[in-house]
Amino acid sequence: MKLRFHNSLTRRVEDFTPLDPGHVRLYVCGPTVYDLAHLGNARPVVVFDVLARLLRRIYPRITYVRNITDVDDKINARARETGEPIAAITSRTTADFHRDMAALGCLPPDVEPTATGHIREMIALIERLIARGHAYAAEGHVLFRVASFPDYGKLSGRSPDELLAGARVEVAAYKESPGDFVLWKPSDADTPGWDSPWGRGRPGWHIECSAMSWRHLGESFDIHGGGHDLLFPHHENEVAQSRAAFGTPFMAHTWLHNGMLLVDGEKMSKSLGNFLTVRDILARGPWAGEAFRLLLLRTHYRAALDFSFDALEECKAELDGHYAMLKRAPEPPDRDSPVIRQLVDWVLAPLADDLNTPLALARLRDLRTLENALTVGGSAAVVLSRIGLGAEPPPGAAATAFRKAAEVLGIGQGDAKGWLQGAGRMHEASGHATGTGRATAAVAATNTSIEAAIAARLAARAAKNWAEADRIRDDLKAQGVILEDGPSGTSWRRA
RNA sequence: GGUCCGGUGGCCGAGUGGUCAGGCAAGGGUCUGCAAAACCCUCUACGGCGGUUCAAUUCCGCCCCGGACCUCCA
């Protein structure tokens with residue numbers, strides 16, 4: 001499987017060739033831990049989780065590094081506002097982040113370095129930059145000398161002149177040039193600081209990623225990912241720091257940037273205050289994490305994505321349909337047959353083309369249609385021709401392929417019956433106003449009371465007492481429980 | 001103002017120089033005691049104006065609209 005990616009550095013889609021075919025190295029900018037993750041923060045985590053899963057499938061070894069930024073002026077500000085100790089804020093927020101991302105089906109990265117754990121590497125890097133003439137100390141600060149690095153602006157497609165013209169902040173007097181950015185800054189007694197050759201201080205924002213990627217991936221590596229809003233200045237500055245320090249032709253070979261998540265057409269961001277947290281989504285019910293993951297993946301990662309709760313509900317309904325198919329599909333005669341492998345490859349092929357998750361998801365739906373046609377009845381001809389299969393696979397084969405392919409996307413891996421009958425839903429949903437009525441409905445009916453009602457309805461049906469049978473079904477429906485009569489009896493699921 | 005990315009049917013969303021995306025919604029049908037589910041059918045779009053071409057939604061130019069970035073940001 002040959003991968004292609006849109007490389008921000010060249011602004012083109014390129015074939016991906018690992019620097020070391022035996023070991024692919026990936027770095028993604030992680031969160032600054034001062035507050036709960038919002039929906040926009042979740043997008044790169046999910047997108048690059050899929051990328052990491054895909055890479056793992058193809059290459060013998062990958063190292064996925066995603067940092068935790070636990071020293072930052074926003075954290076300091078939060079501590080001053082609330083009085084909570086900094087260490088408490090960062091450790092709690094990190095734990096919250098881990099739980100939220102796990103709820104979205106994201107696997108942990110291979111290495112999750114913290115900025116505070118890499119102060120020594122940052123200082124070493126800064127000393128190296130000073131020694132090479134790429135940085136200078138002034139009034140307790142150390143600044144990167146942008147003029148010393150001719151390629152500055154190459155990643156973000158800007159010329160240094162434009163950047164100066166566009167600078168809209170006050171220029172500090174100690175800067176040689178307005179575009180120079182901080183590598184190290186002094187800390188007062190009330191601010192976290194570390195001893196350094198330039199006095200007690202703390203790192204600037206960009207240096208940590210250069211230090212941590214260097215430590216864990218080397219001077220140059222394969223892929224660097226992050227939100228598109230990090231392209232400038234964060235990634236531009238990372239490149240300048242790393243390349244100037246090591247004299248390398250590139251920092252990361254391929255730069256991937258995900259598009260922004262919007263709400264009402266505007267970027268969701270903490271500074272705008274228009275954000276929903278991942279917690280807000282998860283509070284909708286145990287289905288919400290996976291539904292939100294699907295929502296993120298059904299838009300191509302580089303495009304803007306306008307979030308809405310209607311779209312979230314639509315994703316929930318889609319997953320209901322997937323799990324319903326998985327629930328009724330039989331075991332195939334051979335779980336690793338050539339046709340199953342062919343179906344899996346067919347679904348995943350679009351991912352090789354710049355991570356085209358929407359097309360892969362469409363093909364997953366085709367697998368569902370195919371399985372339904374073979375197990376429930378219907379014509380598989382249209383889907384078979386789309387896939388390029390000459391003969392019908394045995395029942396269960398498409399469902400098995402569905403599970404295997406969906407694993408790379410991180411969806412459809414749950415227990416089908418558990419999903420449909422909402423195991424754990426009451427507990428998860430209680431205490432939250434969901435606005436959908438689902439939580440209340442779930443509280444009203446327990447699994448045993450549902451089974452009892454179904455038995456009563458079955459008796460009524462046997463006696464051809466349709467009025468009573470329908471009354472029971474309507475009663476359950478009012479409680480959010482939907483009955484489905486089939487050849488093998490009556491099954492139920494929660495709406 | 002500068003740089004960049006987009007505009008696809010009621011909605012979401014792939015893709016392509018000429019034959020199908022797909023989903024949701026809607027309408028019709030098969031099945032069913034009635035439903036639900038599943039399956040079948042219907043709904044044929046590519047912002048505007050030029051250009052290239054036998055042929056443009058797809059390539060080129062201009063314009064309009066939306067979004068991102070321009071030293072807080074995923």
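These numbers come from the heavy atoms of this one structure, side chains and all, not from hydrogens, waters or symmetry mates. Letters go in sequence order (proteins before strands), and every chain restarts at 1.
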Please measure how far the [atom1] atom in [N] lies from the corresponding atom in [M], and state the result in whole Å.
N: B:U16; M: B:C46; atom1: C1'; answer: 11 Å
N: B:A55; M: B:G9; atom1: C1'; answer: 23 Å
N: B:G10; M: B:A21; atom1: P; answer: 15 Å
N: B:A74; M: B:G18; atom1: P; answer: 42 Å
N: B:A26; M: B:C49; atom1: P; answer: 34 Å
N: B:C11; M: B:C63; atom1: P; answer: 28 Å
N: B:C39; M: B:A45; atom1: P; answer: 27 Å
N: B:G47; M: B:U42; atom1: C1'; answer: 28 Å

Nearest to the side chain of [X] - [options]?
X: A:A362; options: B:A21, B:A14, B:A68; answer: B:A21
X: A:R493; options: B:G6, B:A37, B:A74; answer: B:A37
X: A:R298; options: B:A14, B:C12, B:G33; answer: B:C12
X: A:R158; options: B:A21, B:C72, B:G2; answer: B:G2
X: A:R386; options: B:C34, B:C20, B:G23; answer: B:C20
X: A:R365; options: B:A74, B:C4, B:G23; answer: B:G23

Need one value for [X]: base, sugar-phosphate or nothing, where a base atom within 4.0 Å counts as base even if backbone is also close, heavy atoms only.
X: A:L359; value: base
X: A:M268; value: base
X: A:T299; value: sugar-phosphate
X: A:G259; value: base
X: A:K270; value: nothing
X: A:G226; value: sugar-phosphate
X: A:L261; value: base
X: A:R457; value: base
X: A:N356; value: sugar-phosphate
X: A:R461; value: base

Distance-only polar pair, side chains of A:E238 and A:S242, donor-acceptor under 3.5 Å: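 Result is no, nothing qualifies.
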Any side-chain donor near an acceptor of the partner, A:T277 and A:D280, under 3.5 Å: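 The criterion, which ignores hydrogens and geometry beyond distance, is satisfied for A:D280 and A:T277.
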Which base, if any, makes a Watson-Crick or G-U wobble pair with [N], both distances under 3.5 Å?
N: B:C34; result: none
N: B:C62; result: B:G48
N: B:A68; result: B:U3
N: B:G18; result: B:C54
N: B:C24; result: B:G10

base_contact_polar ([N] base, [X] side chain, donor-acceptor, <3.5 Å):
X: A:D306; N: B:C11; result: no
X: A:D470; N: B:G33; result: yes
X: A:R473; N: B:C34; result: yes

N/O (side chain, [X]) to phosphate O (OP1/OP2, [N]) under 4.0 Å:
X: A:N372; N: B:C39; value: yes
X: A:S271; N: B:C72; value: no
X: A:W492; N: B:A37; value: no

Full working for salt bridge (Lys or Arg N to Asp or Glu O under 4.0 Å) between A:R80 and A:D73: CA-CA 10 Å; A:R80 269 195 298 276; A:D73 286 350; over 6 Å; no
Could you tell me the separation between the [atom1] atom of [X] and the [atom2] atom of [N], rounded to a whole number of Å?
X: A:H38; N: B:C73; atom1: NE2; atom2: C1'; result: 7 Å
X: A:R368; N: B:A37; atom1: CZ; atom2: C1'; result: 11 Å
X: A:H234; N: B:C70; atom1: NE2; atom2: C1'; result: 17 Å

A:W255/A:H235 aromatic ring centres below 6.0 Å: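 They qualify: ring centres under 6.0 Å apart.
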Spatial distance of atom CD1 (A:I126) from atom CE (A:M122) [nearest 0.5 Å]: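 Result: 8.0 Å between the selected atoms.
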Pair A:R298-A:E314, salt bridge (Lys or Arg N to Asp or Glu O under 4.0 Å): steps then yes or no: CA-CA 11 Å; A:R298 67 181 199 155; A:E314 198 179 297; 3.0 Å; yes
A:N465 side chain to A:E468 backbone, donor-acceptor under 3.5 Å: yes
